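These values consider heavy atoms only, across backbone and side chains, with no hydrogens, waters or symmetry-generated copies. Chain naming here is simple, since letters A, B, ... match the order of the sequence lines and numbering starts at 1 in each. All values derive from a computational prediction rather than experimental measurement.
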Number of protein chains: 2
Amino acid sequence: MVTIKEVAHIAGVSIATVSRVLSNSDYPVSQRTRANILKVAGEVGYSPNRAARSLRTERSSLIGVILDNFSSLWAPVIVRGIQDVLHKKGYLTLVVNIPWEEHSRADVVKDLMGHSVDAFVFVETWHPVRERLDMLNNKPYVIVHRLFHESDPHSIIPDETYNSSLVVKHLLELGHEKVAYIAGDANYFSSSQRLDAYLDTMHAAGFGVRDGWIAQGEWCIPSGYQCAQRILASDEMPSAIVAANDELAYGALLAVLDAGLKVPDDIAIVGYDNNDISRISNPTITTVSLPLFLMGQIAAENLLCQLQTSDRDYAEQLIPGELIVRQSCGAPEGVEVYARDFQRATAE
Amino acid sequence: MVTIKEVAHIAGVSIATVSRVLSNSDYPVSQRTRANILKVAGEVGYSPNRAARSLRTERSSLIGVILDNFSSLWAPVIVRGIQDVLHKKGYLTLVVNIPWEEHSRADVVKDLMGHSVDAFVFVETWHPVRERLDMLNNKPYVIVHRLFHESDPHSIIPDETYNSSLVVKHLLELGHEKVAYIAGDANYFSSSQRLDAYLDTMHAAGFGVRDGWIAQGEWCIPSGYQCAQRILASDEMPSAIVAANDELAYGALLAVLDAGLKVPDDIAIVGYDNNDISRISNPTITTVSLPLFLMGQIAAENLLCQLQTSDRDYAEQLIPGELIVRQSCGAPEGVEVYARDFQRATAE
DNA sequence: ACCTTATCGGAAAACGTTTACTGTGTCAAG
DNA sequence: CTTGACACAGTAAACGTTTTCCGATAAGGT
């Protein structure tokens, strides 16, 4: 590897000058020497030794990204959003996946500190423990998470309330008045947030909600199936079912079809998450897409901001989602071209 | 940050001794001092400065992972496999996603070289260009990829031929003799590999293949739909369709259902990839799962091996997949519990 | 002519490690 | 006893940067 020393030698200047030019400091260097150094550096293919630089400056151009569950559908998208912004600014990311159960969670932060990362991003389904946050000794950090239960000024989270009201309002606009709800796992704060948003929106519109119309589910397809069956068995059949996520919605869809009913003609169904399921099911399911990529980008921007200003006071940010209109509730469809129709259209 | 100096001071020894103990070199250090140093280091929470170490040793404990398309379903799984092995050995990964079109691909390698990564993993859909491989100046590297068209000794790739014959044999065992095939995009080497494997397996079993039974598709659902329609229109109807991937299989499934036929009763369908689609469709689709996590692990092991022995000669490795038996071809199902049945079972 | 100021460049210290080299002291073989 | 070998610990150089401090030159104001 070619060092700064060689560049200095060839250019006939001291290493100090080379450093000043190449790390574009604002130290005054004449145009001539600057141009010459740049030329030489380019010719010999000089690339600064990051370790040495890091040792000296205590900055590494490395950002630690700590994940809870890299296998989830969201995480990789968020990470790409983060990287999209950071790479352009010359930062690289150290992505570490630590399952929630593992004891070594604190060690990971320590490890990353050893690599002297400049900042941290936590992408987690649960709120990062205080203990770990304390180990950061004032380095910038941001938390991107879906299912928080404790507010933190450095958080970037989806606006569950807004999103949930989005789908309910959509149904109301389509003329539905009897809307049932399948809730997610009660342990999750987001479950109650979404449920509350549903209730509030219904009440605000002046519609009541029957007891039999609310079923407590568990985020998965089988649970959606069971919950829908219970709802279908209630005294008064609803005309629409809101599911707390797409898995539940898909389960509900299967139950409704198995009951000999038609979707959306007899019962409309909406989901939440914009999973692949909702895109592929038959009929496709209207849902809410979370702007995960954007959330990653915002997290990164936020971090860059903190890195520049050394101002660590950031307000929690709620990010709104977007309604994805598909076939499952009979509305005229959105811009997206759906697999099934597309096939039929092009197959002619 | 607490440095080696402080540890040495507190333990009452020289920094050399501390270094020897903490970087567990095989230099002789008495049990007493060793234990003492370890104790002190633990108490003060010492964690070595990687930049300094890296500067001195020219090793960084960092592995560069270069991705083609992080958004794909495979990439994150492979990455997790890689990390699973590497993290345990104290390595961290620098994951960089560079879309194929971008001009800065070569820069990425240079960038990572600047961070003095110890080795490279390329996770790519296309073969990494020679040019980039040359920039590695003899650092260990491994290529994990799906769709190669040029052999490389450092490659870890799925055994397309074996996998493809797996599904065909499965159908033959179930008594099918008239088996049609929907191929993937002809640009991909894997398309022809899979197609050839199908043809070979059929011929080896003594069964002929009609012209109308082979359709050239394009990896996506609509294409599967069209291809299946063409196959259904052939003079002699096949009793089974092999699709080159799950998207095509799903498209074919929809076409067959739309034609008023039953799956698997009238026509059996198999896919390839074990996508979410095949798990969720109705009926669920028998397919081949690629051991992506394992491939990542193998890649990492391979790398560790190279790092230790400085032996850079590694043979290309073909990794066999696994048949996932589901509903779409009428066989008794495998161990997996399928969403739909599970719902029915637990819904009682 | 002299002083002040701005502009530019260099010398050298420092960052925290690892490691080659240089002792010590102990112990066994001669 | 001497000699060599061995086990252990310390000294100091080196890795490639950045940056503080200082000096030199030139320009401008009196």
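Of the residues in residues 28-39 of chain A, those lying under 4.0 Å from DNA chain C by heavy-atom distance are P28(A), V29(A), S30(A), T33(A). Across residues 15-24 of chain A, A16(A), T17(A), R20(A) each have a non-hydrogen atom less than 4.0 Å from an atom of DNA chain C (numbered order).
Among pairs with a residue in residues 73-85 of chain B, those fulfilling salt bridge (charged side-chain N to carboxylate O under 4.0 Å, His left out) read D84(B)-K88(B), at least two apart in sequence or across chains. For the salt bridge (charged side-chain N to carboxylate O under 4.0 Å, His left out) condition, no pair includes a residue of residues 2-24 of chain B, sequence neighbours left out.
Using cut-offs of 30° and 60° on the angle between ring planes, the pair H154(A) and Y141(A) is parallel.
Of all heavy-atom pairs between F120(B) and K139(B), the closest is CE1-CD, 4.4 Å. When all heavy atoms of A119(A) and L303(A) are compared, the closest pair comes out as CB-CG, 3.8 Å. Considering all non-hydrogen atoms of both residues, R50(A) and G90(A) come closest at NH2-O, 4.0 Å.
Heavy-atom distances to DNA chain C give each of S25(B) and A51(B) a nearest nucleotide, and the one nearer the 5′ end belongs to A51(B). Checking Y27(B) against A52(B), the closest nucleotide of DNA chain D that is more toward the 5' end is the one next to Y27(B).
With a 4.5 Å cut-off on side-chain heavy atoms, S61(B) and R53(B) do not count as touching.
Side-chain polar atoms of E316(B) and S155(B) form no donor-acceptor pair below 3.5 angstrom.
Taking a heavy-atom distance under 4.0 Å as the criterion, the stretch of DNA chain D touched by chain B extends 5' to 3' from dC8(D) to dG16(D).
For K39(A), the salt bridge (charged side-chain N to carboxylate O under 4.0 Å, His left out) partners are E43(A), not counting sequence neighbours.
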Report the C-alpha separation of I298(A) and I319(A) in whole Å, then their side-chain angles, then the decisive distance to 0.1 Å, and conclude whether the side-chain contact (heavy atoms from CB on, under 4.5 Å) test is met. CA-CA 9 Å; I298(A) 291 175; I319(A) 315 293; 3.5 Å; yes
